[in-house]
Asks: 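What follows is a single structure, and I will ask about it in a moment.
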Amino acid sequence: MKMFTKIATIATLATVMFAGVNVTWGNAYSDADGSLGVAPEFGVWFDMNDATSIGWENNAMMVGLAGPAGLTFRLGYEDVTTLGVGRSWWSSTGNGWATSLNTTVDFTLVESAPNADDAGEFTVGVNLGFGF
């Protein structure tokens with residue numbers, strides 16, 4: 001049993017360690033009580049395969065699925081569930097750090113509290129990504 005635990009731990013760490021890692025940083029723009037609200041945005045994404053990635057962004061667990069025309073479908077889980085789409089408009093090519101400029105649009109599916117009125121709101125994010 002000890003050997004199985006060690007092998008499973010090493011395999012899990014190797015999967016995350018050699019996965020594509022992308023760190024994003026930028027701003028999120030949303031309608032905050034009738035006026036434009038801006039909040040800093042930070043995230044970490046791990047590529048699980050060519051079409052799926054999981055990560056943490058805007059204090060929420062996110063799942064990204066590859067879509068047509070270079071789009072990424074996004075599903076977020078926090079106190080509210082969000083559904084969105086992202087697009088990388090520019091990516092660097094070369095060795096070492098890969099940089100990218102990304103835009104995301106996330107749609108709030110449900111209200112965050114019983115008396116809240118935030119269902120149906122959009123959040124637009126502009127991010128600079130660094131990956132390896």
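Residue numbers start at 1 and run along the sequence shown.
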Asks: Quick one: does any side-chain atom of Asp106 pair with a main-chain N or O of Thr82 as donor and acceptor, under 3.5 Å?
Replies: no
Asks: State the OG1-CH2 distance between Thr24 and Trp45, to the nearest 0.5 angstrom.
Replies: 8.0 Å
Asks: Taking atom types as modelled, is there a side-chain donor on Asn27 or Glu41 under 3.5 Å from an acceptor on the other?
Replies: no
Asks: With rounding to the nearest 0.5 Å, note down the distance linking CG in Asp47 to CD1 in Ile54.
Replies: 10.0 Å
Asks: Heavy-atom count around Asn49 CG within 6.0 Å, excluding the residue itself: above 12?
Replies: yes
Asks: Quick check for you: to the nearest 0.5 Å, what is the distance between Glu78 atom CD and Met62 atom CE?
Replies: 10.0 Å
Asks: Could you tell me whether the side chain of Arg87 reaches within less than 4.5 Å of the side chain of Thr72, counting heavy atoms only?
Replies: no
Asks: Determine, step by step, whether Asn59 and Trp56 satisfy the side-chain contact (heavy atoms from CB on, under 4.5 Å) criterion, reporting the C-alpha distance in whole Å, the side-chain angles of both residues, the deciding distance to 0.1 Å, and the verdict.
Replies: CA-CA 7 Å; Asn59 297 324; Trp56 173 83; 3.2 Å; yes
Asks: Between Thr123 and Phe107, is there a side-chain heavy-atom distance shorter than 4.5 Å?
Replies: no
Asks: Just so I know, are the side chains of Thr104 and Asn127 near enough to count as touching, which here means a heavy-atom distance under 4.5 Å?
Replies: yes
Asks: As an exercise, state the distance from CZ of Phe46 to CE of Met48, rounded to the nearest 0.5 Å.
Replies: 7.0 Å
Asks: Do Ser92 and Thr99 have a side chain donor and acceptor closer than 3.5 Å?
Replies: yes
Asks: Counting N and O atoms only, with roles assigned by atom type, does the side chain of Thr9 sit under 3.5 Å from a partner on the main chain of Thr5, one being a donor and the other an acceptor?
Replies: yes
Asks: How many angstroms lie between atom CG of Leu83 and atom OG1 of Thr108, to the nearest 0.5 angstrom?
Replies: 10.5 Å
Asks: Test side-chain contact (heavy atoms from CB on, under 4.5 Å) on Phe42 and Asn58; report intermediate values, then the result.
Replies: CA-CA 6 Å; Phe42 177 79; Asn58 275 349; over 6 Å; no
Asks: Determine whether Thr81 and Leu75 satisfy the following criterion, side-chain contact (heavy atoms from CB on, under 4.5 Å), listing intermediate values before the conclusion.
Replies: CA-CA 7 Å; Thr81 303; Leu75 186 59; 4.1 Å; yes
Asks: Looking at every non-hydrogen atom in both residues, tell me the closest pair between Phe73 and Gly67 and how far apart they are.
Replies: CE1-CA, 3.6 Å
Asks: Got a sec, which residues hit side-chain hydrogen bond (donor to acceptor under 3.5 Å, both in side chains) with Ser53, two or more places apart in sequence or on another chain?
Replies: none
Asks: Report the residues that fulfil side-chain hydrogen bond (donor to acceptor under 3.5 Å, both in side chains) with Trp89, sequence neighbours left out, ordered by chain and then residue number.
Replies: Thr103
Asks: Hey, could you give me the OG/CG distance between Ser91 and Leu101, rounded to the nearest 0.5 Å?
Replies: 9.0 Å
Asks: Considering only heavy atoms from C-beta outward, does the side chain of Val44 approach that of Glu57 to under 4.5 Å?
Replies: no
